[in-house]
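All values below come from the heavy atoms of this structure, side chains included, with hydrogens, waters and symmetry mates left out. Remember, it's 1-based here, ligands and their atoms both numbered in the order they're listed.
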Amino acid sequence: MNESSRIFVAGGTGMVGSAIIRKLISQGFRTICSNYNRKEPADLQDTPVRYVRLDLTRQSDAERFFEEERPEYVFLAAAKVGGILANNTYPAEFIYTNLMIQNNVIHSSFVSGVKKLLFLGSSCIYPKLCPQPMKEEYLLTGPLEPTNEPYAVAKIAGIKMCQSYNRQYGTNYISVMPTNLYGQNDNFDPDTSHVLPGLIRKFHDSKRTSEPVVLWGTGSPLREFLHVDDLAAAVLFLMNHYDRSEIINVGAGVEVSIRDLAGIVGKIVGYEGEIKWDATRPDGMPRKLMDGGRLTALGWSPRIGLEEGIGMVYRWFCGHVPV
Ligand code: GFB
């Protein structure tokens, strides 16, 4: 990529897409196009990015866009995402929407001659009882975690699609698997969010109402969290330096139990009240730690520590999310 390359960031209003756009802008890229579906970007006036209203689940709209726009580099960050409860409650939406978006973007990229595409997957592509830390070669070696199987199957289909196009057509489509992410522009809804933004919202609200915080499961699962600005840095690094079909993990290298995470978030938010655990809610995968060795060997490492990152997000939340 060079500064005048035509770049398309699919899903530019989401947490990941918006972080990639911030990173591209900070590195001097100026020919950036992105799309939004329902959520119009807040800063449409003074951004160097050209945003197009485009529903990527619609095949003919996606095809027309690629035909007219002819991007050279594509970051595929458009996806339907959510926490454990959202995945478990809306499995049809998670599999349908993600398959449609990625099929349309990957195939249209091929038809319009995109030079390189980067597809974003998820750590939930690995088996539920995967040996830890999870190496890239453990993909498809065991049954998936049932709460997010439909989402994981869609993401695995995206990986296989990129690999198949590379094999049959000689394209350069790479697949990047991030661990659990957090950051600004996340979904902070207490029901549909991932655990970290969900905890920020719940602690923040309970601090005001003095109601106990109710968290899900046993608190014993272990998770690894990566700040989305670190992910965006890794993604640009990989777009510039990685040209292989094999998937590549992006992790933080540190895991924390959900119970300890609650302690950290509670401290940062300043909540000192009671925490209840609702054991009727699912725990999901017992452990989910990425092996980031492949990426480290290429020379990239994350920079933002967990407490520092949660502090950054909480400050952003207080300034941006209505209470
Ligand atoms: O982040 P999370 O929703 O998803 O939940 P996964 C992580 C853990 O936190 C689970 C517990 O063990 C939850 O039971 N937890 C405790 C809570 N309290 C809460 C709460 O208030 N909200 C939430 N959301 N969780 C998702 C997958 O799995 O991770 C997706 O469903 C995707 O497909 C994503 O892969 C990265 O880490 O379990």
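- Residue G82 places a heavy atom under 4.0 Å from ligand 1.
- Paired with K155 under the rule side chain to side chain contact (heavy atoms under 4.5 Å, CB included), one option of L99, I95, I125, N148 passes, and it is I125.
- Of all protein heavy atoms, the one closest to atom 15 (N) of ligand 1 is V195 CG2, 3.6 Å.
- Distance from atom 27 (C) of ligand 1 to its nearest protein heavy atom, with residue and atom name: N148 ND2, 3.2 Å.
- No more than 12 heavy atoms of other residues, nucleotides or ligands sit less than 6.0 Å from atom CZ of R58.
- Judged by a 6.0 Å distance limit and a 45° cone about the ring axis, K116 is not positioned over the six-membered ring of Y73.
- For ligand 1, the atoms closer than 4.0 angstrom to any heavy atom of L215 are 18 (N).
- Of all protein heavy atoms, the one closest to atom 18 (N) of ligand 1 is W216 N, 2.9 Å.
- Checked options F75, F65, Y51; the residue passing with F8 is F65 (criterion: ring pair (Phe, Tyr, Trp, His ring centres under 6.0 Å)).
- In this structure, the side chain of N98 does not engage the main chain of Y151 through any donor-acceptor pair within 3.5 Å.
- Heavy atoms of P282 found under 4.0 angstrom from ligand 1 belong exclusively to the backbone.
- Under 4.0 angstrom from ligand 1, there are no non-hydrogen atoms of P190.
- Residues Y169 and Y165 place their aromatic rings such that the two centres sit under 6.0 Å apart.
- You'll find the ring centres of F110 and Y173 outside the 6.0 Å limit.
- Below 3.5 Å of separation, one finds an N or O of N87 facing an N or O of ligand 1.
- Remark: minimum distance from atom 36 (C) of ligand 1 to any protein heavy atom is reached at N180 OD1, 3.4 Å.
- With a 4.0 Å heavy-atom cut-off, ligand 1 is reached by the backbone of I84 and by its side chain too.
- Looking only at heavy atoms of the protein, atom 24 (N) of ligand 1 is closest to S193 O, 2.9 Å.
- Counting the atoms of ligand 1 from 1 in the order shown, those under 4.0 Å from a heavy atom of P221 are 12 (O).
- Residues N185 and R22 share a closest heavy-atom pair of ND2-NH1, 3.9 Å.
- Partner of T179 under the side-chain hydrogen bond (donor to acceptor under 3.5 Å, both in side chains) criterion, chosen from R223, E255, E224: E224.
- Summarising the contacts of atom 38 (O) of ligand 1 with R223, K288, M285, the nearest heavy atom is found in R223.
- At the shortest separation from atom 12 (O) of ligand 1 among protein heavy atoms lies D283 O, 2.6 Å.
- Contact annotation: C124 has at least one heavy atom less than 4.0 Å from an atom of ligand 1.
- Protein heavy atom in closest approach to atom 35 (O) of ligand 1: S122 OG, 3.0 Å.
- For ligand 1, the atoms sitting less than 4.0 Å from at least one non-hydrogen atom of G83 are 3 (O), 31 (O), numbered in the order shown with element in parentheses.
- At a heavy-atom distance under 4.0 Å, only side-chain atoms of I258, from C-beta outward, approach ligand 1.
- The environment of Y90 atom OH is sparse: at most 12 non-hydrogen atoms of other residues, nucleotides or ligands sit within 6.0 angstrom.
- A distance of 6.0 Å or more separates the ring centres of Y242 and F237.
- Nearest non-hydrogen protein atom to atom 34 (C) of ligand 1 is H194 NE2, 3.2 Å.
- Only the side chain of K202 comes within contact range of ligand 1, with a heavy atom under 4.0 Å; no backbone atom does.
- Using cut-offs of 30° and 60° for the angle between ring planes, the F317 and Y314 rings count as parallel.
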